[in-house]
Amino acid sequence: MKNRKGFALGLLFSLAIISTDGLAQNYRSEHHTFTLETVATGLRHPWSIAFLPDNEILISERSGILRRMVDGRLLSDPVSGLPDITASGQGGLLDLALHPDFAVNRWLYFSYSHGNAQGLTTRVARGRYESGELTNVEIVFEALPRLPGGRHFGSRLTFDPQGYLYVTVGDRGQETRAQQLDSHMGTTVRLHDDGRVPQDNPFVGQSGARPEIFTYGNRNGQGLFTHPLTGDIWQNEHGPRGGDEVNIIRAGLNYGWPKVTYGINYNGTPITDLTEAEGIEPPLLHWTPSIAPADMTYYNGTVFPEWQGDIFVGALVGQKVQRLRFAGTELVEQEDLLTQFNARIRDIQTGPDGTLWLITDEPNGRLIRLMPI
Ligand SMILES: [Ca+2]
């Protein structure tokens with residue numbers, strides 16, 4: 001009896017998993033029908049995916065581990081040579097980005113939180129990556145000042161067509177700092193690939209301003225990509241309760257936080273009456289209520305031809321993927337995908353194979369691929 005009961009329960013349990021993770025089904029959407037393929041499981045709160053040449057994938061885990069997939073197999077040995085990382089609250093090992101000339105120089109960039117006696121902050125470092133090993137690791141950026149608390153580190157990375165590196169830095173929960181140019185909190189910064197400040201950055205030479213700042217008034221940017229056709233830097237950021245945004249990041253502009261927002265405080269009290277103001281760049285779109293947008297990707301693959309040029313956003317609280325279609329800067333189409341999937345989506349990327357890849361923010365996180373039918 002016991003054995004039979006145990007067997008029956010086990011069977012029910014596996015059936016339940018199939019029906020809740022949705023992998024057994026086909027997903028219909030406006031333009032394509034697709035299915036999901038689990039590529040890897042057992043990732044602990046993965047944060048970012050990076051596709052390397054030679055069929056290798058790197059995946060960051062927030063706890064400070066960098067995992068490798070080689071020829072489709074997740075290796076148990078992590079990458080060696082990472083610096084000291086402080087995994088605290090929302091911090092840890094965060095985004096990954098390859099230098100535009102990675103194939104030649106092997107520079108892998110990564111963002112992470114770092115703590116010392118003065119507090120915590122966001123750092124960006126790079127190291128030369130080869131066969132599971134990072135060497136020549138050097139810090140290219142450190143957000144200042146250091147602050148207490150474990151919230152809003154940012155920190156997505158992208159390179160523009162000229163090779164400049166952009167980093168989103170969250171407000172660290174001290175919202176008024178996002179309007180102060182003497183602090184990196186609540187900004188996007190722009191750097192040379194080695195961390196030097198480009199002399200054409202908008203606040204270079206302005207007294208009291210940190211010269212790395214490119215834009216400000218950004219609450220906590222969690223999504224970033226460089227548009228392959230226009231070269232523009234597209235960003236999304238978390239609002240408080242409501243007021244998540246998509247913006248195009250342009251030199252010197254103020255994106256408003258916390259003077260102007262569609263959001264309110266978590267306790268329901270207002271932050272400001274203003275949803276727009278002179279001198280404040282309005283978002284291209286805002287999500288109210290919030291979906292908590294994580295990374296987003298511009299789809300330019302050929303596997304899903306009707307999606308070419310669309311933007312896919314992974315949602316944490318929203319537990320879905322949102323497809324956006326813009327004509328220039330005007331939103332013309334919006335569709336929710338994977339609403340029955342019931343998982344927080346932390347990163348979404350177009351793979352070199354032209355399919356869409358995503359990771360789920362879970363203790364047993366998954367790497368999943370959207371496949372055409
Ligand atoms: Ca804004």
Side-chain angles (χ1 to χ4, degrees), residues 90 95 122 143 151-158 166-190 201-203 209-210 212-227 230 232-296 298 311 313-318 322 324 326 328-331 334:
Q90 296 170 358
D95 207 16
T122 303
R151 297 170 62 205
H152 301 179
F153 291 97
S155 47
R156 290 289 180 185
L157 310 172
T158 194
Y166 297 76
V167 186
T168 64
V169 184
D171 72 0
R172 299 298 314 289
Q174 297 196 6
E175 50 207 42
T176 53
R177 287 187 183 274
Q179 290 293 321
Q180 297 168 3
L181 294 173
D182 61 353
S183 152
H184 290 125
M185 279 70 242
T187 71
T188 315
V189 303
R190 175 177 180 257
N201 266 7
F203 303 110
R210 295 198 184 265
E212 298 87 357
I213 296 174
F214 191 69
T215 69
Y216 63 109
N218 301 116
R219 184 172 180 271
N220 189 24
Q222 295 279 287
L224 199 64
F225 70 79
T226 303
H227 196 293
T230 64
D232 288 336
I233 307 298
W234 288 58
Q235 171 259 29
N236 65 40
E237 64 181 57
H238 286 198
R241 187 164 144 189
D244 299 343
E245 298 181 352
V246 172
N247 297 296
I248 295 179
I249 292 300
R250 297 193 196 280
L253 296 186
N254 179 358
Y255 291 78
W257 176 254
K259 283 163 66 174
V260 173
T261 174
Y262 287 90
I264 57 173
N265 284 308
Y266 290 113
N267 66 10
T269 59
I271 294 166
T272 167
D273 293 337
L274 299 176
T275 53
E276 53 189 85
E278 185 79 23
I280 303 289
E281 192 65 7
L284 301 193
L285 75 88
H286 70 95
W287 287 281
T288 305
S290 293
I291 64 166
D295 210 5
M296 55 182 181
Y298 178 94
I311 292 166
V313 185
L316 294 162
V317 174
Q322 195 159 70
L324 307 174
F326 284 88
T329 57
E330 189 195 343
L331 182 69
Q334 189 169 357

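Note: hydrogens, waters and symmetry copies are ignored here, and every other heavy atom, side chains too, is used. Keep in mind that what you see is a predicted model, and the values were worked out from it rather than measured. Whatever order the structure lists ligands and atoms in, that order sets their numbers, starting from 1.
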**Message:** Between the side chains of R177 and D171, is the shortest nitrogen-to-carboxylate-oxygen separation below 4.0 Å, so that they form an ion pair?
**Reply:** no

**Under 3.0 Å from the Ca ion (ligand 1), the protein N, O or S atoms, given as residue and atom** = E245 OE1, E245 OE2, Y255 O

**Fill in**
Contacts satisfying salt bridge (charged side-chain N to carboxylate O under 4.0 Å, His left out) that involve residues 245-267 (not counting sequence neighbours) are D232-R250

**Request:** Could you tell me whether E276 atom CD has more than 12 heavy atoms of other residues or ligands within 6.0 Å of it?
**Result:** no

**Asked** Quick one: do the E237 and W257 side chains pair a donor with an acceptor below 3.5 Å?
**Response** no

**Asked** Strictly by modelled atom types, are D244 and S290 linked by a side-chain donor-acceptor pair under 3.5 Å?
**Response** yes

**Request:** Report the C-alpha separation of Q235 and Y255 in whole Å, then their side-chain angles, then the decisive distance to 0.1 Å, and conclude whether the side chain to side chain contact (heavy atoms under 4.5 Å, CB included) test is met.
**Result:** CA-CA 11 Å; Q235 171 259 29; Y255 291 78; 6.0 Å; no

